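Note sheet for the following structure.
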Amino acid sequence: MDLPGPALPIDPLLPDLLAALKSRGQAVLQAPPGAGKTTRVPLAMLGHVEGRIVMLEPRRLAARAAAERMAETLGETAGGRVGYRVRGEAKTSRETKIEVVTEGILTRMMQSDPGLEGIGAVIFDEFHERSLNADLGLALILEARAALREDLQLVVMSATLDAAPVAALMGDAPLLTAEGRAFPVDTRWLDTALPARARLPEGVAELTLKALSETEGGVLVFLPGEGEIRRTAALLSPKLPDDVHLQPLFGAMAFKDQRAALTPAPQGRKLVLATSIAETSLTIPDIRVVVDAGQARRARFDPNSGMSRLVTERVSLAEAEQRRGRAGRVAYGTCYRLWTRGQEGALPAFPPAEIETADLTGLALELALWGASALPFLTPPPPGPLAEAQALLRNLGALDGQDRITAHGKAMAALPLHPRLAHMLLRAGQGAAPLAALLAERDILQGAPADLSLRLKALADPRRYQHDHSHPIRRDALERVKQEAKRLARLAPGDQGLDPSDMAALAYPDRIGLRRKGDAPRYLLSGGKGAVFDPADPLAQTRLIVATDLDGDPREARIRQALPISEAALRALFPDLIRWQDLCHWSERDNRILAKSQETLGALVLAERNWSAPPEARARAALDGIRALGLAQCGMSPAARRLQARVALLREEGADLPDVSDAALLERAEDWLLPHLTKIRNAEDLKALDLHEALRNSLDWEQQQRLDHLAPAHFTTPLDRRVPIDYSGGQPEIAVRLQEMFGVTEHPVIGPRRLPLKITLLSPAQRPVQVTTDLPRFWDTSYADVRKDMRGQYPRHPWPENPREADPTLRAKRRGT
DNA sequence: CTCTCCCT
């Protein structure tokens with residue numbers, strides 16, 4: 001391959017790549033950083049492709065840089081044969097054959113022209129980063145290739161050794177692997193693991209001092225975030241030798257401060273404390289040593305709350321390798337890892353693909369716009385979050401009841417904004433552009449109170465704001481927001497004259513907050529989640545707010561930015577969402593039925609009044625009360641329990657009767673219990689219930705007859721007295737005066753299997769004398785002894801010698817007889 | 001013990 005410029009490790013592979021493209025139309029190219037794939041591959045394909053070549057980069061900076069370097073190789077500047085197009089900026093011309101674009105641009109191109117007319121090849125660079133847009137873009141390209149454009153050439157380039165799954169997804173595309181051009185890096189692990197409780201900054205500071213003493217050259221330390229960087233810097237600075245220059249580096253820093261970290265130190269050693277921004281986005285020259293704390297902070301979208309929150313996690317092996325590689329760009333290097341060799345096996349191989357953890361609202365909108373049902377994703381979007389995203393889009397009016405895209409949804413998809421903000425801009429018009437820009441970008445105020453109108457003021461007149469307020473404006477963020485606001489204003493329809501609060505409420509109908517009772521500034525959000533202000537925040541007394549930025553804590557989110565809003569404004573904005581609802585339910589807290597009408601906005605109750613609920617509704621609420629309190633507390637009188645036990649006994653004996661255990665009764669409660677609950681008001685009423693009759697009536701007539709016959713409630717004594725039978729034990733039993741049983745010569749039995757009744761025979765003073773299940777045998781055996789005792793104790797009572805033939809009696813003998 | 005990074 002004959003390309004201008006110095007030879008690169010990728011060069012020998014380029015003929016193979018062209019051959020693969022010629023025969024198969026696609027290829028996967030795997031090459032480590034420094035192999036030269038980004039600048040070489042498009043140039044090599046120039047002249048072998050009919051139409052333009054489009055190359056995707058995950059970052060604007062990288063897209064611009066790649067285009068400029070390639071143009072330079074051709075002796076041109078960007079905008080000639082090589083051009084680029086990123087958000088808000090394009091340098092292309094009619095001459096342009098190679099167009100470097102950021103990943104979102106491709107989606108837009110495909111949505112407006114699925115056949116990609118005029119384009120002959122698409123190259124995905126840095127595909128291993130697995131950005132949401134790259135995954136979507138590849139799925140769309142594969143589908144377009146299958147249906148419309150078999151001739152479209154496709155190259156997927158990846159830095160890591162895990163390209164096989166992509167090649168498989170592409171229908172076993174040829175897989176080419178190149179060597180990189182980097183210097184070896186010596187890896188040093190900890191000898192013993194850091195204690196689980198150890199603080200990261202302490203550990204990193206110690207390891208960094210060790211690295212400084214053992215090596216030469218620039219040192220790059222990887223930490224998870226700004227906070228850790230600041231704390232580590234505070235620990236290190238008093239202990240550093242004079243020739244070491246410490247530089248923090250993270251995304252929120254002003255660009256000029258970032259530049260300081262990126263320029264070589266004039267003398268002495270540079271020590272850069274960086275986030276993962278230095279992993280791929282920014283290259284720092286002169287680094288010979290890497291210290292890796294082994295953690296990464298990532299956004300994780302929680303579909304339940306509809307918010308992203310940050311989690312700090314262990315790095316994956318792929319990230320650790322990428323970090324390590326940063327020490328070998330200029331010379332042999334050294335990498336210190338804040339973990340042991342043994343712990344390495346527990347690290348995941350790769351970080352999760354963005355599609356697995358991100359907010360999928362934008363993706364769901366793109367899918368609806370594309371219209372196909374199942375795209376060939378390398379990792380399909382997880383169904384739960386996708387369904388949540390679709391629900392939000394329906395709320396915003398972007399999807400109809402059948403999840404088809406609406407005209408409004410199409411207009412939303414055309415805007416370079418999150419669907420929430422796109423909806424807001426379309427409904428509110430131009431006036432919403434500054435707010436949309438503020439909400440889309442990083443916060444421009446550092447350490448300021450939550451009130452979003454402060455940001456609007458700072459944006460409108462920074463100088464005056466700075467004069468009136470002490471917290472600083474982040475100048476770089478301000479510039480970005482200003483530019484963005486200008487762009488969005490051009491894309492927006494005519495202004496509708498809404499307040500910023502109204503606009504924000506349009507974007508976040510699920511984050512309207514109503515202050516809870518109490519001193520703490522805690523809020524219930526219309527989406528059902530909880531949120532809380534810093535108690536010192538001036539907005540903390542406001543009754544109604546729109547929370548535009550929350551930290552995503554799943555228990556109770558902290559409100560970072562919000563606007564106050566009036567109830568009147570909400571009524572005007574959401575006439576369809578605010579409605580009266582009748583509510584009759586059991587309150588477990590109050591132990592009573594609550595019946596009221598509520599005016600609600602989602603989970604919020606704006607107003608309420610009493611409601612006289614119909615008996616049917618009250619009965620259902622009462623039933624929930626019974627379920628909450630348990631049947632044992634509600635109406636299971638001794639009579640009801642006895643009935644239950646009688647049925648249970650017969651069922652055990654094999655009788656065909658319904659199950660009336662508590663569990664079964666609750667299960668069937670709607671059938672037998674509901675009509676008896678119409679007058680219930682509270683737990684007292686439930687406790688006063690007697691369900692004996694209801695329970696009995698739950699059996700049909702024939703069943704009742706059988707029950708009474710086989711397991712009667714009472715035993716009738718020879719004196720015609722009805723004694724209740726106790727069915728609560730293992731065997732039904734009664735207690736009866738011994739003398740009342742005189743003359744009984746057959747033992748009474750229960751049930752179809754003729755289970756003998758357990759009889760406790762009592763003395764005249766109601767003391768148990770004998771327990772028997774065989775009365776005739778008792779008369780014949782132990783009665784004689786009992787009689788002897790009893791005669792002594794109760795001489796005035798009859799103790800006949802032959803009880804089988806005596807008359808039953810409860811009386812004493814008359815005096816003198 | 002105040003937020004990593006990126007994009008239409």
Side-chain angles (χ1 to χ4, degrees), chain A residues 56-63 85-90 101-112 126 129-137 140 199-201 222-231 234 249-253 258 274-282 293 295-300 307-313 315 319 322 351-352 354-355 357-359 361-363 365-366 369 412-419 421-422 425 436 440-443 445-450 471 474 477 480 484 487-488 491 533-534 536-537 549-553 557-561:
Chain A
L56 272 53
E57 290 293 329
R59 281 168 289 281
R60 284 185 247 176
L61 202 74
R85 202 145 39 117
V86 298
R87 175 188 185 124
E89 192 189 353
V101 303
T102 35
E103 289 160 345
I105 300 262
L106 179 81
T107 311
R108 290 274 63 73
M109 289 164 74
M110 296 209 63
Q111 292 283 20
S112 57
E126 314 277 14
E129 291 191 15
R130 296 297 307 278
S131 77
L132 185 52
N133 280 323
D135 272 20
L136 172 62
L140 294 179
R199 285 155 176 263
L200 194 74
F222 281 102
L223 286 154
E226 185 180 341
E228 289 87 349
I229 287 175
R230 224 181 276 125
R231 286 192 286 278
L249 177 62
F250 49 89
M253 273 168 54
Q258 286 187 350
T275 61
S276 52
I277 193 173
E279 213 172 282
T280 51
S281 310
L282 300 174
Q295 296 198 342
R297 194 157 285 147
R298 319 180 205 278
R300 174 133 318 154
M307 297 176 221
S308 287
R309 72 196 146 93
L310 291 172
V311 292
T312 309
E313 292 179 325
V315 287
E319 290 161 298
Q322 178 70 27
E354 195 183 0
I355 201 169
T357 59
D359 173 2
T361 317
L363 179 81
L365 188 60
E366 295 292 352
L369 181 61
M412 282 164 63
L415 290 173
L417 283 169
H418 187 282
L421 301 178
L425 193 65
E441 299 286 332
R442 233 188 259 273
D443 192 359
L445 294 185
Q446 212 159 14
H471 28 262
R474 284 177 167 166
R480 266 212 292 269
E484 204 48 36
R487 255 190 91 219
L488 293 174
L491 299 171
F533 269 123
D534 179 340
D537 198 284
D549 192 17
L550 296 151
D551 76 352
D553 189 307
R558 283 191 85 80
I559 305 167
R560 284 204 212 95
Q561 289 179 29

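Please read all numbers here as calculations on a predicted model, not as lab measurements. Just so we're on the same page: letters track the sequence lines, and every chain starts at 1.
Using a cut-off of 4.0 Å between Lys/Arg side-chain N and Asp/Glu carboxylate O, A:Glu89 and A:Arg60 are scored as not salt-bridged. A salt bridge is defined here as a Lys NZ or Arg NE, NH1 or NH2 lying under 4.0 Å from an Asp or Glu carboxylate O, and A:Arg297 with A:Glu226 fails to meet this definition.
Applying the salt bridge (charged side-chain N to carboxylate O under 4.0 Å, His left out) test to A:Arg558 and every residue at least two apart in sequence or in another chain returns nothing. Under the side chain to side chain contact (heavy atoms under 4.5 Å, CB included) criterion, A:Arg442 pairs with A:Ala252, A:Arg474, A:Arg480, not counting sequence neighbours.
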Under 4.0 Å protein heavy-atom contact, by nucleotide of nucleotides 2-8 of chain B - B base, S sugar-phosphate only: -BBSSSB
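At distances below 3.5 Å, at least one donor-acceptor pair connects side-chain atoms of A:Thr275 with backbone N or O atoms of A:Ile277.
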